[in-house]
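When reading the values below, keep in mind they use all heavy atoms of this one structure, side chains included, and skip hydrogens, waters and symmetry mates. Note that the structure is predicted; figures quoted are calculated from it, not measured. Within every chain, numbering begins at 1; the chains are lettered A, B, ... in the order of the sequence lines, protein sequences first and strands thereafter.
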2 protein chains.
Amino acid sequence: MAEGATITGVQRRTVAEDVYNALKRDIITLRHRPGASLTEQELAGLYGSSRVPVREACGRLQQDGLLTNQPFKGYFVNQISLNEIGDCFDLRLLLETYALELAASRATTDDLSRLEEIAATEYTYHDWESYADFLDRNLEFHIRLAELSRNGRLVAILRDLLGGMQRFFFLGLDLGDFASEMRSEHEQLVELLHRRDPDNVISCVRNQIQSSRDRILRALIDDRIELPLR
Amino acid sequence: MAEGATITGVQRRTVAEDVYNALKRDIITLRHRPGASLTEQELAGLYGSSRVPVREACGRLQQDGLLTNQPFKGYFVNQISLNEIGDCFDLRLLLETYALELAASRATTDDLSRLEEIAATEYTYHDWESYADFLDRNLEFHIRLAELSRNGRLVAILRDLLGGMQRFFFLGLDLGDFASEMRSEHEQLVELLHRRDPDNVISCVRNQIQSSRDRILRALIDDRIELPLR
DNA sequence: TGTATACAAATTGTATACGAAAAACAACTT
DNA sequence: AAGTTGTTTTTCGTATACAATTTGTATACA
């Protein structure tokens, strides 16, 4: 869901879709800074389309929690606040552990094999271009993981939540080279699922989420970006 | 969030907003049956606007999980499946108990007083028109309750989830006269929050959600609507 | 100087027209 | 009768033009 025009999984190339992806990426990679003001006209110029596809893209980004519309003033890139980061991570913990609890009992060996293939994803430290790609694949991994819960609505919610958090994750990546660390975290999770070890799966994902949160908070404290404290 | 054009809480009347609300209500009250096919043109005619606001409305309803778009075929009202009902209720249990857990420790006496005012909402048995209004106010109550958690993202998720479940709730209402029962359930919850009794708050809401689920499943078994079994 | 008012500018909201892509259908071939 | 091809119809996607609404500004007046 929230994936635009789809034909049973195949995505049609539409201008609105392109604008959505491009704009989203630019927000996530902080090319558009939190608080920045963007008008439809401006965006239409920037991304080479008319205002109609821009409107559609902005509408979706509003639901993604990345943009806010102020009538007759324009769109504004949502601020990143410590509160919001905390809220999101609390929810991520709640929902992702729940998903894995279900997955541990419902996933087949086949499912897990398929998952292994995309667990192996890394990025190149200091290569900003690779960050965005990594974030996409990392998101896909977590979504596939969630899909093992066999609860479609849960997957949709997690997709939205994690999608909205990509911007946070981006902050954490440049802080240090965690590429291989994160990769082995992925593989460890799949391994534990293979062993049908629900308790350890839960505590494992819990630790991973905590360390992800810590990475990001450390990046913020390192003054990598100025942000409102509440 | 997900509330269309807003000026600090005040909602502007826009055609797209009207179409969204009207169409949503018609889907929730089953005026558009699950599986029904709707084209943009058709909807524009039905709701007296051009296709542009219809597109926007349908886009939002897709994210709400009420519509699906099949390119070049039209929009289709999503089916109601037992699986989906189960999934949604599982999530509701998880998220709403979590929200109340937070609320129990974070809500002020003032918050609770304000909540009491909207807890008292009923519907008139067999008066279908009153059902939709009741569902709206009931949703508002649960959202306000969730807001006491002070986790804005959680509120947004619950708004989407419960919003998408309105159609299920609708089914349950006509099964019997639960108006006063639901009202006292609301009041009981607020009462327990007042007493700062977290454990009982949780078990209370758990019971209420269970009985809500049972009502709906009973309505379905009573063959009130034909639906796919998986 | 302060305030009210009228006007101009900026921005979004909506309708409409046109084009592209897919689906539905019919005619044709084998 | 089945499959294939070509045409028509349907439906969506996009650009553009215009209307509605708000904001900001300048001006007149007290």
Candidate pair B/Q62 and B/N69, rule side chain to side chain contact (heavy atoms under 4.5 Å, CB included), full reasoning: CA-CA 8 Å; B/Q62 267 187 285; B/N69 177 260; 3.4 Å; yes
Between B/M182 and B/T121, is a side chain to side chain contact (heavy atoms under 4.5 Å, CB included) present by the stated rule, with each step listed? CA-CA 9 Å; B/M182 292 176 76; B/T121 167; over 6 Å; no
From [atom1] of [X] over to [atom2] of [N], roughly how many Å is that when rounded to an integer?
X     : N      : atom1 : atom2 : answer
B/L43 : D/dT11 : CG    : P     : 11 Å
A/L38 : C/dT12 : CG    : P     : 10 Å
A/R51 : C/dT16 : CZ    : P     : 17 Å
A/Q70 : D/dT22 : CD    : P     : 14 Å
A/E17 : C/dA21 : CD    : C1'   : 16 Å
B/Q41 : C/dT16 : CD    : P     : 12 Å
B/F72 : D/dT8  : CZ    : C1'   : 16 Å
A/Y47 : D/dG13 : OH    : P     : 22 Å

Any non-hydrogen side-chain atom of B/L100 less than 4.5 Å from a side-chain atom of B/L193? yes
The residue, A/E40 or B/P53, whose nearest nucleotide of DNA chain C is more 5′ is A/E40
Does a side-chain N-to-carboxylate-O contact under 4.0 Å join B/R60 and B/E17? yes
Identify whether the distance between the nearest side-chain nitrogen and carboxylate oxygen of A/R33 and A/D26 falls below 4.0 Å. no
Of the nucleotides [options], which one has an atom closest to the side chain of [X]?
X     : options                : value
A/T39 : C/dT12, D/dT11, C/dT14 : C/dT12
B/K73 : C/dA24, C/dA15, D/dA20 : C/dA24
B/A16 : C/dT12, D/dT14, C/dT14 : C/dT14
A/S50 : D/dG13, C/dT11, D/dA15 : D/dA15

Phosphate contact (C/dT14 OP1 or OP2) by B/T14 side-chain N/O below 4.0 Å: yes
Watson-Crick or G-U wobble partner of D/dT9, both distances under 3.5 Å: C/dA22
Under 4.0 Å between any heavy atoms, over every strand shown, what does A/V52 touch: base, sugar-phosphate, or nothing? Just pick one. base
5′-ward residue of the pair A/S49/B/G74 relative to DNA chain D: B/G74
